[in-house]
Trainee: 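I have a structure I would like to understand better, so I am pasting it below and will then ask my questions one at a time.
Order of the sequence lines sets the chain letters (A, B, ...), proteins ahead of strands, with each chain counted from 1.
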There are 2 protein chains.
Amino acid sequence: MISHARKRPARERLLAAAEELMFVDGVVLTPVDVVLKRAGASAATLYSNFGNKDGLIAAALERRLTDWTQAWDAAIEAADSPTGRLFAIFPALRTYQRERLAERWCAFSGTAAAIYRPSEEIVEMLEAEDELLHARLRAFAGEVAGEDRAQDLADQVAVAYLGTITGMLRGDQETAIARGELVARTLVASLVGEGGADLLGSDE
Amino acid sequence: MISHARKRPARERLLAAAEELMFVDGVVLTPVDVVLKRAGASAATLYSNFGNKDGLIAAALERRLTDWTQAWDAAIEAADSPTGRLFAIFPALRTYQRERLAERWCAFSGTAAAIYRPSEEIVEMLEAEDELLHARLRAFAGEVAGEDRAQDLADQVAVAYLGTITGMLRGDQETAIARGELVARTLVASLVGEGGADLLGSDE
DNA sequence: GTCTATACGAGGATAGAC
DNA sequence: GTCTATCCTCGTATAGAC
């Protein structure tokens, strides 16, 4: 148990500042200096800990992926039906966004869009997020639809998710999430047949 | 009839270079110098024609919107059914992308993502593209579904479109377009009822 | 209308002390 | 491990000639 830790280490403060600033203004547009100022740390500390700016971005993305995974987990556990778990990414996104109103959309797609040729360590994080998205949707789709339709359903819900985050970037965020969620529901209703609605459960 | 026009004016060459470079590497990451070099023009010419870098970006987006509108038009005319016209954005995107393989995704969403607070002239172009997207989808949705469901259908197809372009950014482009198109078909089949498939026509 | 040359600031990264 | 101070490159924009 840590007693009276006056100050978190500079590494932690840098990561927090990077997340708060870079995922709002964009990883490219945010200068290292501004992150340093917010963190109350020096340039030398940043470069000794993370190597360069890309290293800081990758570390911030890694932390973000952990947080997002937990938020998604919580929404999944709150669901009480197969479709509820498949749709859980949308309530998770809604909750997550409300805690981060300054952020326009997704830290991962935002980074992918901002950097033409990302460094290896950043690519790893982007792939990890993509893998998480598709693996989970595939698993839940299997519970909702038959195994022969599961991959197709998961792929289509992934389109709905990506459309949602880009809709957040281009317009009103709550509206975008509501529309994306609606698309997911329409997809399930269509792909699992008329009876699909019966699977929806009470968590909606 | 122009005879022996040795060289297009520098303004034209600057616009072409801006499109070729900025919409590939990103509007922020592409330095003005590189555009100047490609265009074979000088900095003074750029700033006297467009005011500043943002002005060049806005002008390039304006030109891009014209081109994209025409490409979409062509796909619409090639369609021979109401649903074919609603889905036409996907073949249009496929054709458009094949002519611009170096571009990862959408010039408009890419610009929206790259710039945190876009200048007024850039915002105008982003809004114009958004307006085009929703107005057209709304019109075609009216032909496919009843007027009471048209807005809902259009909104959902818009999610499919945005999910498609972001899917292009994050993964394989052809795969992303195929999946987005499939989502649109599923949405129509579901929202216009079982008979929806009958409306599909022969253009698919 | 277009060019050459340059001013000016910003941003990423490092050296060396404590 | 962290700080102060600094270097140096890059990028936007302008001045003035042709």
Trainee: Rounded off to whole Å, could you give me the CZ-to-P distance for the B/R11 and C/dG1 pair?
Mentor: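 Taking atom P of C/dG1 as the reference, CZ of B/R11 is at 10 Å.
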
Trainee: Provide the full list of side-chain hydrogen bond (donor to acceptor under 3.5 Å, both in side chains) pairs with a residue in residues 22-33 of chain B, sequence neighbours left out, each pair given once.
Mentor: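 Qualifying pairs, neighbours excluded: none.
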
Trainee: Tabulate below the donor-acceptor pairs under 3.5 Å that side-chain atoms of residues 119-128 of chain A make, not counting sequence neighbours, or state none.
Mentor:
unit_1: A/E121; atom_1: OE2; unit_2: A/G55; atom_2: N; d: 3.3

Trainee: Among C/dG11, D/dT2, C/dC3, which nucleotide has an atom closest to any side-chain atom of A/P31?
Mentor: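 Of all the options, the side chain of A/P31 is nearest to C/dG11.
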
Trainee: Generate the contact string for nucleotides 13-18 of chain D. Rules: B means base contact, S means sugar-phosphate contact only, - means no protein heavy atom under 4.0 Å.
Mentor: BBB---

Trainee: Without decimals, in angstroms, what is the distance between A/L46 CG and D/dG1 P?
Mentor: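 Rounded to whole Å, this separation is 15 Å.
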
Trainee: Applying side chain to side chain donor-acceptor pair (under 3.5 Å), name anything that partners A/R98, two or more places apart in sequence or on another chain.
Mentor: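 Counting only residues at least two positions away or on another chain, A/R98 forms a side chain to side chain donor-acceptor pair (under 3.5 Å) with A/E174.
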
Trainee: Would you kindly give the CD1-to-P distance between A/I57 and C/dA13, to the nearest whole Å?
Mentor: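 One finds 10 Å between P of C/dA13 and CD1 of A/I57, rounded.
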
Trainee: Grab the CZ-C1' distance between B/F50 and C/dT2 for me, whole Å please.
Mentor: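 One finds 14 Å between C1' of C/dT2 and CZ of B/F50, rounded.
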
Trainee: Rounding to an integer number of Å, can you tell me how far B/L29 CG sits from C/dG11 P?
Mentor: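 In whole Å, C/dG11 P and B/L29 CG are 14 Å from each other.
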
Trainee: Taking only side-chain nitrogens and oxygens of B/T45, does any of them come within less than 4.0 Å of OP1 or OP2 of C/dC3?
Mentor: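 For C/dC3, OP1 or OP2 has a side-chain N or O of B/T45 closer than 4.0 Å.
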
Trainee: In whole angstrom, what separates A/D25's CG from C/dG11's C1'?
Mentor: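 Distance check: A/D25 CG to C/dG11 C1' gives 15 Å.
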
Trainee: Can you list everything that forms a ring pair (Phe, Tyr, Trp, His ring centres under 6.0 Å) with B/F90? Sequence neighbours excluded, please.
Mentor: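 Here no residue qualifies.
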
Trainee: Rounded to the nearest angstrom, tell me the gap between atom CG in B/L36 and atom C1' in C/dT4.
Mentor: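 After rounding, the reported distance stands at 13 Å.
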
Trainee: Just jot down the side chain to side chain contact (heavy atoms under 4.5 Å, CB included) partners of A/Y96, sequence neighbours excluded, or say none.
Mentor: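 A/Y96: side chain to side chain contact (heavy atoms under 4.5 Å, CB included) contacts with A/R64, A/D67, A/W68, A/A71, A/R100.
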
Trainee: Please check if atom CD in B/E62 has more than 12 non-hydrogen atoms from other residues, nucleotides or ligands closer than 6.0 Å.
Mentor: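 No - once you tally the heavy atoms of other residues, nucleotides and ligands closer than 6.0 Å, there are 12 at most.
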
Trainee: In whole angstrom, give the distance that lies between atom CZ of A/R13 and atom P of D/dC3.
Mentor: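 Atom-to-atom, A/R13 to D/dC3, this comes out as 6 Å.
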
